[in-house]
Protein chains: 2
Amino acid sequence: MASIHDVAKEAGVSVATVSKVINHYPDVSEKTRKKVKNAIELLRYRPNVIARGLVTGRSWTVGVLINIPFTNPYVSMLLEGIKTALENSGYDLMRLSARLNDPGYSFVDHCQSRNLDGVVVFGVEKDHHSIQELIESGIPTMFVDMDATGQRAGNITTENRNGVHMAVRHLYELGHQRIAYLAGVPGQPVNESRLAGYRDGLETSSIPYREDYVVNGDYSYDSGIQGMRMLLQLDQPPTAVVCTSDMAAFGVIHAIEAHGLSVPGDISVVGFDNIYEAELFKPGLTTINQNIHAIGVKSIEELISMIKSAEYPPPVVTEPSSLVIRESTARYSEQ
Amino acid sequence: MASIHDVAKEAGVSVATVSKVINHYPDVSEKTRKKVKNAIELLRYRPNVIARGLVTGRSWTVGVLINIPFTNPYVSMLLEGIKTALENSGYDLMRLSARLNDPGYSFVDHCQSRNLDGVVVFGVEKDHHSIQELIESGIPTMFVDMDATGQRAGNITTENRNGVHMAVRHLYELGHQRIAYLAGVPGQPVNESRLAGYRDGLETSSIPYREDYVVNGDYSYDSGIQGMRMLLQLDQPPTAVVCTSDMAAFGVIHAIEAHGLSVPGDISVVGFDNIYEAELFKPGLTTINQNIHAIGVKSIEELISMIKSAEYPPPVVTEPSSLVIRESTARYSEQ
DNA sequence: CTGAAAGCGCTTACAG
DNA sequence: CTGAAAGCGCTTACAG
């Protein structure tokens, strides 16, 4: 690879001048600019981003810390949005091999040693020490689905509470009264918001809250199966269940069918996410749509704004959710 | 962030000595090593990977060029394998915002300007000029599902041909004679191998090849729908169809059911990939299993071996495939 | 065993 | 408008 020195020599100017041409400084005569451009062309010179970063302090790299498997559809869609937003931004994306479980490991150190310009974080526990360190570090950060903020840290999430509220109302309007909720991981912000939405829905429907109708899980297919099994063992099983994820809803449906019942004939099921498979699955899944792709896009757009200006206020954004009605919910009918 | 100079000053030694301690050179007295280590501890010093890379020429970064949406389950699983293999390797992963459609763009330049140590490529057309450039560049490369090699470029793929062969044999053994093949994109190595496997299967079953039983697609759900519609319009539609991907198989099943027929009652369907959803889908999809995760892992392991030693011969590896029988295939029965 | 110096490929005041 | 020099944070012969 040709270096800036080679270009300077070829063009018969100093490296400082070459640098000015590369960076579009105005104070270069048209004549030398031409000479330099020709030399660049001739040598197929490309500035070394790494070396540049060493002096400017910018790496044109944003990092992602995603502590959830890529095979999770939510993660895929988020990443796809992130990728899209990055496409013509000049930034590349770095996935850090973070050793979050190693006590001697510091995520902030890792970012700094890589010179990252900013980072988006998803799927890390809020009380992991890295989160606080990150906020204090001053590294521009966007948290996805985590209500943390800082001098240079914003966040973005879906209208979780209202989403579940809508789902419960939908079931209520279909005549259901025994509506259960398959929750996520207690303590996680997303889980708390959705749980609140569940209670909102019951309240506006004048349905009393029953503790045995709320079971926790981890958003996975298997946790849907486990949770539903518990609900089916109740003396008075629910006639409808709202789930905190589509994958969990698939598990729930599986458990219901394995139990000899049908969806929506015997029990109605609502998911959350609206992943691609929700439409393909049988029955088609009624679910709360999240604009996950948009969340990915916006997280990057906002992050880049923060990177570009230290004055840009860290945003807190909420993406709307909406109810998508398919075949997994039906009017309640006494058997 | 403390720099090596700060540490040197704190420890009362030269930066060269600090460097030696960091890099575990043996020729440092135990006493000074202690002093330096203490200073490092005290200042919470972490070497700047970027600066180090500038002089060593190594960035401890491997790049991925993946020209397929992350939402594609194959891509997710591949990435998950890549991530796993990278976990404790010391390498981080960079996803380049490659502008492959921009004629002025050079992927190799991009890699070099980022100082990447190696790269894994997936989903790029073999005749894209970047491929040849990459091979010639000498940048250690692993191609996934593309039979390209070079001085420093190897590849890894699934036993595609035998996989489809097995699928056809399975159907033949179930009594099927009219077996169609929903192919991928003509010209792509993977497609050609699988198509050859289809022909192998017909041949070993003494079934004549019919051109109208092979229709092309692009691996997507929609292309499955389109392809199956064409097959259903034939005077003599097939009684079984082998698909080049699970997503396409889902589309095929959808088209069959929309046409008023059932799977496997009227038509048997086999997929390829064995993505997570193949098991959840109804009917459970009979499919060819690919060890996608293993491909991701091995692509990185081999890549790192190539990076570590210029003498390491670029590998050509083939992962075994296997037939997973579920509910979408059944014995042929005259209606 | 230790350190001064050159250098990796750039940018940035600053002087002219 | 142009360029010499210092410096970003490191490593690497090399001399002592």
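In this text the structure is predicted, and so the values were computed from the model without any measurement.
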**OP:** Mind telling me whether A:Phe107 and A:His110 have parallel, tilted or perpendicular rings, with 30° and 60° as the class edges?
**Re:** perpendicular

Subject >> side chain to side chain contact (heavy atoms under 4.5 Å, CB included) partners for A:Pro315, two or more places apart >> reply: A:Met142, A:Glu302, A:Met306, A:Tyr312, A:Val317

Subject >> Any A:Ser14 side-chain N or O less than 4.0 Å from OP1/OP2 of D:dA4 >> reply: no

Subject >> Nearest heavy atoms of A:Asn115 and A:Gly53, plus distance in Å >> reply: ND2-O, 4.3 Å

Original post:
Which letter, B, S or -, goes with each nucleotide of nucleotides 7-16 of chain C from 5' to 3', with contact meaning a protein heavy atom under 4.0 Å?
Top reply: BBBBBB----

Original post:
Do A:Arg33 and A:Tyr25 pass the side chain to side chain donor-acceptor pair (under 3.5 Å) test, and can you show the C-alpha distance, the side-chain angles, and the key distance before you say yes or no?
Top reply: CA-CA 10 Å; A:Arg33 187 183 302 277; A:Tyr25 278 53; over 6 Å; no

Original post:
Where along residues 27-44 of chain B does a heavy atom fall under 4.0 Å from DNA chain C?
Top reply: B:Asp27, B:Val28, B:Ser29, B:Thr32

**OP:** Please determine if a side-chain N or O atom of B:Thr17 lies less than 4.0 Å away from the OP1 or OP2 oxygen of C:dG3.
**Re:** yes

Subject >> Residue pairs passing the salt bridge (charged side-chain N to carboxylate O under 4.0 Å, His left out) test where at least one lies in residues 117-129 of chain A, sequence neighbours excluded >> reply: A:Lys126-A:Asp147

Original post:
Taking only residues two or more places apart in sequence or in another chain, which ones pass side chain to side chain donor-acceptor pair (under 3.5 Å) with A:Thr141?
Top reply: none

**OP:** Anything below 3.5 Å on both distances counts as a pair; with that, list the stems of at least three consecutive Watson-Crick or G-U pairs involving DNA chain D.
**Re:** C:1-3 with D:14-16, C:5-12 with D:5-12, C:14-16 with D:1-3

**OP:** Tell me whether the centres of the aromatic rings in A:Phe122 and A:Phe143 are closer together than 6.0 Å.
**Re:** no

Original post:
With the threshold set at 4.0 Å, does a side-chain nitrogen-carboxylate oxygen contact exist between A:Glu87 and B:Arg95?
Top reply: yes

**OP:** Answer yes when B:Lys298 and B:Glu301 have at least one side-chain N-carboxylate O distance shorter than 4.0 Å, and no when they do not.
**Re:** no

Subject >> A:Asp102 atom CG: more than 12 heavy-atom contacts under 6.0 Å >> reply: yes

